[in-house]
Amino acid sequence: MGRILLPREDVRILSTAAVGGYEEKRGPLGAIFDYTAEDDRFGQKSFELAEAEMARMALSFALGKGDITLPDLLFSGDLQNQCVASSNGPASVGAPFIGLFGACSTMAEGLGMATLALSGCGAVTAAVVTSSHNAAAERQFRTPLEYGAQRTPTAQWTATAAGAAVLAKGVGRGVRISAFLPGRVVDAEITDAANMGAAMAPSAADTLLAYFGESGERAEDFDLILTGDLGQEGSVILGMLLAEKLPDITLRHKDCGCLLYDIEKEDVHAGGSGCGCIASVLSGHIIPAMERGEYRRILAIGTGALMNPASLQQGGSIAGVAHLIRLEMDI
Amino acid sequence: MSEFLSYLYAFLVGGAFCAVAQLLLDKTRMTPARILVLYVVAGVFLYAIGVYGPLLDFAGEGASLPLTGFGAVVGKGVQEAIDEEGALGILTGPLTAAAGGITAALVFGYLAALLFKGKPKRL
Amino acid sequence: MNKKEYKKLTERRAGRSPVFSNTLAAYLVGGSICLFGEALRRLYLLLGAVEEDSFLLVTVSVIFLSVLATGLGVFDTVARVAGAGTLVPVSGFANAVSSPALDLVAEGPVLGVGAGIFKVAGPVLLFSVLAGSLYGLLYFLFGVAF
């Protein structure tokens, strides 16, 4: 069996929403957010709860736009230990909850899994929501918020953002998820937690080579090949890894981590990262743009770096995984 | 020495300790925590071999404020404790010498936690 | 390319920190903190402090100011540029103790702040005590420093 999974039913994106924080509002894509919080707290007493609330809001907005009260299935994940932002936030809508962990690739993983689920059983609607919060992630993975550390040029900035999408079967309109290629975990033995781009690029290359190798398509067959958060560094490395077999990939490639923030003007170093990065850019920017007819066929590759604080301290390497979904807008 | 010179030496020596650490940070894969541990242990060592004492006289706070100075304070405290109490000084010396700084950091740190709220990072 | 080549490539690319400007910034900020400390020490001596105590007084003062800066959210902004310039002086230690304390308030005073206050500074404390007692043992046994 090939790795490209084709859904047996027509699954469409009914509606989407994106919620963000202070820096996200100030970035180049500030206008795509349905709501942003000035203080990143979303009225909560901890940043962890703030992330849960942010994800809940994104889901709520998306459901409202799609005129759905309760989806048949809810796929959700985040970066917090045991994905509590998802279980504390979006899960409160009361839908059957399927928790996911793919680190920063979770949105693509969720969209793919939701499509497969709708294709394979009687469920008609499914919601997918993921989030990340800079403060919560820094505290968990790196250092206390006020700690005076210096960031290296390859370091990325975890986005405080959430993205939600409501999928439906048999509606006949909207962006279609026409294929899902789940990634393989690729461990290039990178141990530098400040260089996620290098850790994830090999898995993105593996997924892209598998897709193009199997489908026989070429880069020009797509309007956009979007990666989640390889950042500037990871994007360059991806180009190097694919130089031989997919040289024209760079012509169509953009990275959400480089779109969400202004690399030149802001101190993001290599760009944005976190589940919320691809989630918000895809939900708030790309999918609406497809609905307006700006893009017809795109590949979205969520890239995730798989590690935890203990594995890092033990000198373990950071493996990567990259899930690909194909989005098409019929005109 | 003249006042001006003591300020100059404090600046030059203190800056040098920091610059060396920065080079270690940027050029090697040493993490900040490991560099600080290296400095503090080096401070004990340099005091033990009789180098840090004169350095303190020469550079004042330029030698005292860097973390090597903390190590030297511990070294000095241990030595004095042993001179006064004998072998027990091995156990009582280190923490007693460092007591002032540690207590201050803990007390002020805890007060700060009561008074201030951690703010999210900004670009 | 194989894993080894990949690792080398990524490390070579990653080692492109602006070393010169970082080192200069560290030198200037660190030197200034020590200069400030020295001026403060002379002030304390003028105010009647004994030479012995003057060093501790400065250490405590710098700790106080660093904790204040940490609480106000200013320390990390300076540290971003200064790097080792704020890390190496005792200001770094003060920041390393106060920053987790601020973070862990939501987890309560005992299990949060209490358990975590040494999360970052712990190694410095442990190894200074270890080095100190080792030196103490040698000093006691051989009577002379090394």
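All values below were derived from every heavy atom in this structure, side-chain atoms included, with hydrogens, water molecules and symmetry-related copies excluded.
- Proximity to chain C (any heavy atom under 4.5 Å) is shown, for Pro66(B), by both the backbone and the side chain.
- Residue Leu88(B): no heavy atom, backbone or side chain, is found under 4.5 Å from chain C.
- In terms of heavy-atom proximity, Leu137(C) sits nearest to Ile90(B) at CA-CD1, 3.6 Å.
- At a cut-off of 3.5 Å, with distance as the only test, a side-chain donor of Ser6(B) or Arg42(C) sits close to an acceptor on the other residue.
- Contact annotation for Leu91(B): neither backbone nor side-chain heavy atoms come within less than 4.5 Å of a heavy atom of chain C.
- The contact between Arg29(B) and chain C is made entirely by side chain atoms (from C-beta outward), counting heavy-atom distances below 4.5 Å.
- Of the listed residues Gly71(B), Ala105(B), Ala33(B), Gly118(B), the one with more heavy-atom pairs under 4.5 angstrom with chain C than any other is Ala105(B).
- Heavy atoms closer than 4.5 Å to chain C are found in the side chain of Ile82(B), but not in its backbone.
- Using a 3.5 Å distance cut-off with no hydrogens or angles, the side chains of Thr70(C) and Asn95(C) do pair a donor with an acceptor.
- In this structure, the separation between OG1 on Thr68(B) and CG on Leu46(B) is 7.5 Å, given to the nearest 0.5 Å.
- For Phe70(B), the part lying under 4.5 angstrom from a heavy atom of chain C is the side chain only.
- Most heavy-atom pairs under 4.5 Å with chain C, from the set Ala81(B), Ala87(B), Ala63(B), Gly69(B): that is Ala87(B).
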